[in-house]
Amino acid sequence: MNVQLHKVVSDITGITGMAIIRAITAGETDPQILAAKKHYRAKRSEAEIAAALNGDYRSEHIFVLQQELHLYDVYQTQIAACDRQIQECLAQFSNKVNLNESPLPQPKHPRHKPQGNQPAFDLRTHLYRISGVDFRAIDGLGILTVQTIISEVGLDPTRFPTVKHFTSWLGLCPCNRITGGKIKSSKTRLVVNPATNAFRMATNSRQEQFCRVVLFTVVYGLAWVHPKRSLLLLIS
């Protein structure tokens, strides 16, 4: 079909992308009419979107797109059913905190729509209610990461006598192999644990945020001393 919708819309499964795709499967092929369906918050203009929608709208291509769109809708229906089941399961857990006395603080960076596979219901409040801790306040921990950790570790921290027991269970502590009084290897053990992967992803995310802060600090400080070098650093 050679339609470059993904180059002018950051998320083709968003409001603008899905409105255009559904219009195409309904038989509309005029780029100007399709571009007029963009959301008012879309960054690209109608002219830019219309230019990206110039393509070969052959019947066989539209038929394939209709099939793919139908499968997408089916998967979204199944995912929504799973989300409802998760919500019902979380509602059965007892409260560890009174939301009226200790309400959940507002998120640092509120979002207008769920990110990725985040469910449509208020998962953050449920996890705070059953655990008594707002883990989302920790930098690097997304709401789905917190859900994975709690579902794998559980709500009883006394199962692990010390932090060392917990990190050993996760497989995140060094596994020192000592020969003749010398450490030959300190690699971590190979552990198949979703909670371990969740912590590693959170760490990587935090490191990326830290690197961006360090880069900004270096460039900002260098700009006062040597503006040309700071510009070269940004370009590189």
Side-chain angles (χ1 to χ4, degrees), residues 10-15 17-18 72 75-99 102-175 186-217:
S10 59
D11 182 11
I12 62 173
T13 61
I15 297 176
M18 293 306 298
Y72 174 81
Y75 291 141
Q76 291 300 310
T77 302
Q78 296 298 97
I79 291 174
C82 291
D83 289 344
R84 289 192 296 270
Q85 186 66 26
I86 293 175
Q87 186 177 13
E88 293 177 1
C89 179
L90 291 174
Q92 298 175 4
F93 286 89
S94 59
N95 297 344
K96 285 193 175 182
V97 62
N98 190 332
L99 295 177
S102 302
L104 184 64
Q106 294 296 324
K108 296 181 180 179
H109 306 286
R111 298 183 180 274
H112 297 282
K113 66 176 183 179
Q115 298 294 306
N117 295 324
Q118 182 178 338
F121 65 91
D122 191 0
L123 178 59
R124 180 168 174 251
T125 300
H126 274 291
L127 297 181
Y128 173 68
R129 177 183 58 80
I130 66 177
S131 65
V133 180
D134 181 22
F135 293 101
R136 185 64 181 83
I138 303 175
D139 291 337
L141 288 182
I143 192 62
L144 292 179
T145 304
V146 176
Q147 180 190 19
T148 301
I149 294 173
I150 292 179
S151 62
E152 293 295 328
V153 178
L155 298 173
D156 183 14
T158 59
R159 295 168 52 202
F160 305 98
T162 64
V163 175
K164 294 182 179 181
H165 289 81
F166 183 52
T167 54
S168 177
W169 177 76
L170 290 171
L172 295 177
C173 62
C175 183
S186 59
K187 294 181 179 180
T188 58
R189 294 182 295 108
L190 180 60
V191 176
V192 181
N193 191 334
T196 303
N197 296 333
F199 276 114
R200 283 175 174 161
M201 291 176 62
T203 303
N204 293 334
S205 174
R206 187 69 185 102
Q207 287 177 347
E208 291 177 0
Q209 295 176 6
F210 177 75
C211 291
R212 288 195 294 267
V213 173
V214 170
L215 178 61
F216 172 79
T217 306

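Throughout, residue positions are numbered sequentially from 1 according to the sequence presented.
- Considering CG of Leu90 and CD1 of Ile150, their distance stands at 9.0 Å, rounded to 0.5 Å.
- Here the closest heavy-atom approach between residue Lys96 and residue Leu155 is recorded as NZ-O, 3.1 Å.
- Formation of a donor-acceptor pair under 3.5 Å by the Arg159 side chain with backbone atoms of Val153 is found in this model.
- Here CZ of Phe199 is found 10.5 Å from OG1 of Thr167. Values are rounded to the nearest 0.5 Å.
- In this structure, Asp83 and Ala120 approach most closely via the heavy-atom pair OD2-N, 4.2 Å.
- Under the 3.5 Å distance criterion, the side-chain polar atoms of Thr145 are left unmatched by any main-chain donor or acceptor of Leu141.
- Of the inter-residue distances, the one linking His126 atom NE2 with Asn95 atom CG reads 10.0 Å to the nearest 0.5 angstrom.
- Using a 4.5 Å heavy-atom threshold, the side chains of Leu144 and Leu123 count as touching.
- Ring planes of Phe160 and Trp169: tilted class, angle from 30 to 60°.
- Scanning all heavy atoms of the two residues, the minimum distance from Thr148 to Ala195 falls at CG2-N, 4.5 Å.
- Between the side chain of Ser102 and the main chain of Leu99, no donor-acceptor pair closer than 3.5 Å is present.
- Residues Asp134 and Arg124 are in side-chain contact: their nearest non-hydrogen atoms beyond the backbone lie under 4.5 Å apart.
- Side-chain atoms of Ser168 and His165 include no donor-acceptor pair closer than 3.5 Å.
- Taken to the nearest 0.5 Å, the CD1 atom of Ile149 stands 10.5 Å off from the CG atom of Asn197.
- Put simply, SG on Cys82 and OH on Tyr75 are 13.0 Å apart, with the number rounded to the nearest 0.5 Å.
- Taking both residues in full, the closest heavy atoms of Tyr72 and Met18 are given as CE2-CE, 3.7 Å, listed atom of the first, atom of the second, then distance.
- In this structure, the side chains of Asn193 and Leu170 come closer than 4.5 Å at one or more pairs of heavy atoms.
- You'll find the side chain of Gln147 reaches within 4.5 Å of the side chain of Ile86, heavy atoms only.
- Going from atom CZ of Phe93 over to atom CZ of Arg129 covers 9.0 Å, rounded to the nearest 0.5 Å.
- Counting heavy atoms from C-beta on, the side chains of Arg200 and Leu172 come closer than 4.5 Å.
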